[in-house]
2 protein chains.
Amino acid sequence: MKVTIYDVAKEANVSIATVSKVINNTGRISEKTKKKVLNVMKKLDYQPNIMASALMGKQTKTIGLLIPDLANPFFAELARSIEDRGHEFGYNLVICSTDYKEEKENKYISLLKRKSVDGFILASGFENLGKVEQLVKEDFPVAIVARDFPMFPVNTVALDDFMGGYLAASYLIDLGHENIGIIARDVWSNRERIRGFKQALDENQLTFPTDFEYIEKMSHIIQGKNMTIKYLKSLNPPTAIFACNDLLAIGAIQAIKEMGMNVPEHVSVIGFDNTIIATIVEPPLTTIAQPIQNMGKEVMDLMISQINGEKKEKIRVTLHPSLIVRESTGKFNIVN
Amino acid sequence: MKVTIYDVAKEANVSIATVSKVINNTGRISEKTKKKVLNVMKKLDYQPNIMASALMGKQTKTIGLLIPDLANPFFAELARSIEDRGHEFGYNLVICSTDYKEEKENKYISLLKRKSVDGFILASGFENLGKVEQLVKEDFPVAIVARDFPMFPVNTVALDDFMGGYLAASYLIDLGHENIGIIARDVWSNRERIRGFKQALDENQLTFPTDFEYIEKMSHIIQGKNMTIKYLKSLNPPTAIFACNDLLAIGAIQAIKEMGMNVPEHVSVIGFDNTIIATIVEPPLTTIAQPIQNMGKEVMDLMISQINGEKKEKIRVTLHPSLIVRESTGKFNIVN
DNA sequence: TTGAAAGCGATACCAT
DNA sequence: ATGGTATCGCTTTCAA
């Protein structure tokens, strides 16, 4: 059957304690026995059982990653970048899609704790403050990414969402737009983006639409489409749309086309995230880019340093969004 | 600290054996003590440590999923559907991107075995027959998805790739195309698709392009683009392109547009997979659909039944592709 | 119906 | 420099 430390010890004529020491490179063992044990390990193709050592308090080298939806390209790309950085340090990811459901979030967290993950990386959409706070109190390694939690100390890699919203609005305003529709789900990062958006509006003496309302449920193409149709059919239709993610923006573009109008001639559209789909849609989507690769790397680094107990103080890394101008936005056009 | 089975036993004035029995609903215990123990468990918020029971040979309820690239929408969507089905049965997924590198595949497999995963689901791109065969020989639960391994018995959920290629070619031929370029990486499923493609060609007395060659490296937009440019600049440029995934097809469309031509007026493009991006490009992509949701469900079901030792014989589920006609394909046009 | 005790596969302290 | 052994948290006979 499976070869264990006992098999190695027996074959090498040493104790399991000695074998353990050569595995972990701890204590002192003569070069000679070390070499001997190493040889036997190779010969028997011995693979230490990580679960067993986890029982003794060692790391499992596994991190739980909770995201809203793996099928959303933004989260898939983010997960991939986290995975890559983790891989460099021997970590694996258990990836869980929560669909923004608190019930699933709780379930996954307690399940993964029972599986002795070394820590959790929580991505955007996590509204479940209580659970996170509890984790932090227990001193369980947690890091937040693409989502800011200003309330208590926790390692965080956030985008400056406020700035993102501000950038989007400023650009649209520069193009001459004064009536801009907003599409967003009610999550923290979007509230920030809208706050930044409003700031730019204020600075230009423009008023925030009074009839704005968040979309419910998912942030998918269909929701973006529906909301856009609603906007365009309203009494005072906007000349530009700010969608809080690329998927929603695509829905907006589809709606505009379906209603017989053009992007950006009749209506401009700006997205958020800069995922692969922004380059694919026609016209290519102007969007606010999140530095996904960097976010993944940074959050994994924070996680690892926390697991290793390197620094006690919690760190907040804020990354900056950038405007990527493509072809879905244009000057306000009197055509309207 | 963490509450263990001992804490529960002490608090309930029973032995840990008894507690274990009520946890697992095994052996016989009186309703009274059962209720008592259950209460204490709730009161102490006891969460059995899965690693400890795994050491005793129980399941970890964790499956390793190896895919080429999580950032590829097809695999992200597939992973999501596998995750969903697994979730219904209490399974979690450790997701690993291999980048088609045998070295990574091997590394992940042995690492996850050390972490006592209950089984592996291997997705398309896995060319590493030796390792898989070894797993099968060891009777380690393995299931293959989106990839066929005809050589030895292993649970498989495959697409009828041959049929997919056949469908694509037939459709293009019906449209009047006789010179069709093919873009594909050299993996098993693509070889099958091309075989089906060739079959349709043969049936129509058309000849397979003699200068066809596989692309190297990744199957990304850029590779699709480069290959298409090469085709269009050749002496006898094709009037249609068959790309073996949607990403490559999108690259093809981009290349065609960049060269000042239109899709499908000048060149038709057909993709494969029917991921979300097929609906997003302009023109919307005609493609061969893989039933992703079904594939995920079926492969997880096979995995679970194998883990539970339900049936010994290995099963091969073959799902059928379907042609999704959108707007990237059109009749062969004399314009050329 | 319940419990004592022997593992599972590793780590780590304490002797030797 | 090496080894004996307790221990981690749980499962599972086997007795009582």
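Chain identifiers are assigned alphabetically (A, B, ...) following the order of the sequence lines, protein sequences preceding nucleic acid strands; residue numbering begins at 1 within each chain. Computed from heavy atoms alone, side chains included, the values below leave out hydrogens, waters and symmetry copies. Source: prediction; values computed, not measured.
- Atom CD in Q59(A) sits roughly 18 Å away from atom P in dA10(C) (whole-Å rounding).
- Under 3.5 Å, the side chain of Y6(B) and the base of dC8(D) form no donor-acceptor pair of N or O atoms.
- At dT2(D), one or more side-chain N or O atoms of T33(A) fall inside 4.0 Å of OP1 or OP2 (strictly under the cut-off).
- Note on D99(B) versus R80(A): salt bridge recorded, some NZ/NE/NH1/NH2 to OD/OE distance being below 4.0 Å.
- The shortest distance between the side-chain N/O atoms of S15(A) and the OP1/OP2 oxygens of dG3(D) is below 4.0 Å.
- The nucleotide whose nearest atom lies closest to any side-chain atom of Y46(B) is, among dT11(C), dA12(C), dC10(D), dC10(D).
- Between S20(A) and dT11(C) there is a side-chain polar atom (N or O) within less than 4.0 angstrom of OP1 or OP2.
- Under a 4.0 Å N-O distance rule, the pair E88(A)/R85(A) qualifies as a salt bridge.
- Contacts of K21(A) with the nucleic acid, taken as non-hydrogen atoms under 4.0 Å apart, include base atoms.
- Rounding to whole angstrom units, NZ of residue K32(A) and C1' of dA1(D) are separated by 12 Å.
- Across all strands, I50(A) comes closer than 4.0 Å to no nucleic acid atom at all (heavy-atom distances).
- Within 4.0 Å (heavy atoms only), V14(B) reaches sugar-phosphate atoms of the nucleic acid but no base atom.
- Ion pairing of K131(A) with E102(A) is absent here, as no side-chain N (NZ or NE/NH1/NH2) approaches a carboxylate O to less than 4.0 Å.
- Of the candidates V132(B), I144(B), L66(B), L66(B) is the only one forming a side chain to side chain contact (heavy atoms under 4.5 Å, CB included) with F120(B).
- Here S30(B) reaches the OP1 or OP2 of dT2(C): one of its side-chain N or O atoms lies under 4.0 Å away.
- The distance from atom CG of N13(A) to atom P of dA1(D) is 20 Å, rounded to the nearest whole Å.
- Taking atom CE of M56(A) as the reference point, atom P of dA10(C) lies 12 Å away to the nearest angstrom.
- Look at CG on L55(B): it is 12 Å from C1' on dT7(D), rounded to the nearest Å.
- Separating the CD1 atom of I23(A) from the P atom of dA12(C) is a distance of 11 Å, rounded to the nearest angstrom.
- Residue-level contact check: T4(A) touches the backbone only, with heavy atoms under 4.0 Å from sugar-phosphate atoms and none from bases.
- In this structure, the CD1 atom of I16(B) is 12 Å from the P atom of dC8(D), given to the nearest Å.
- Between T18(A) and dT2(D) there is no side-chain polar atom (N or O) within less than 4.0 angstrom of OP1 or OP2.
- Counted by atom type alone, E83(A) and S97(B) present one or more donor-acceptor pairs between their side chains at under 3.5 Å.
- At dT11(D), one or more side-chain N or O atoms of N24(B) fall inside 4.0 Å of OP1 or OP2 (strictly under the cut-off).
- Look at NZ on K10(A): it is 16 Å from C1' on dG3(D), rounded to the nearest Å.
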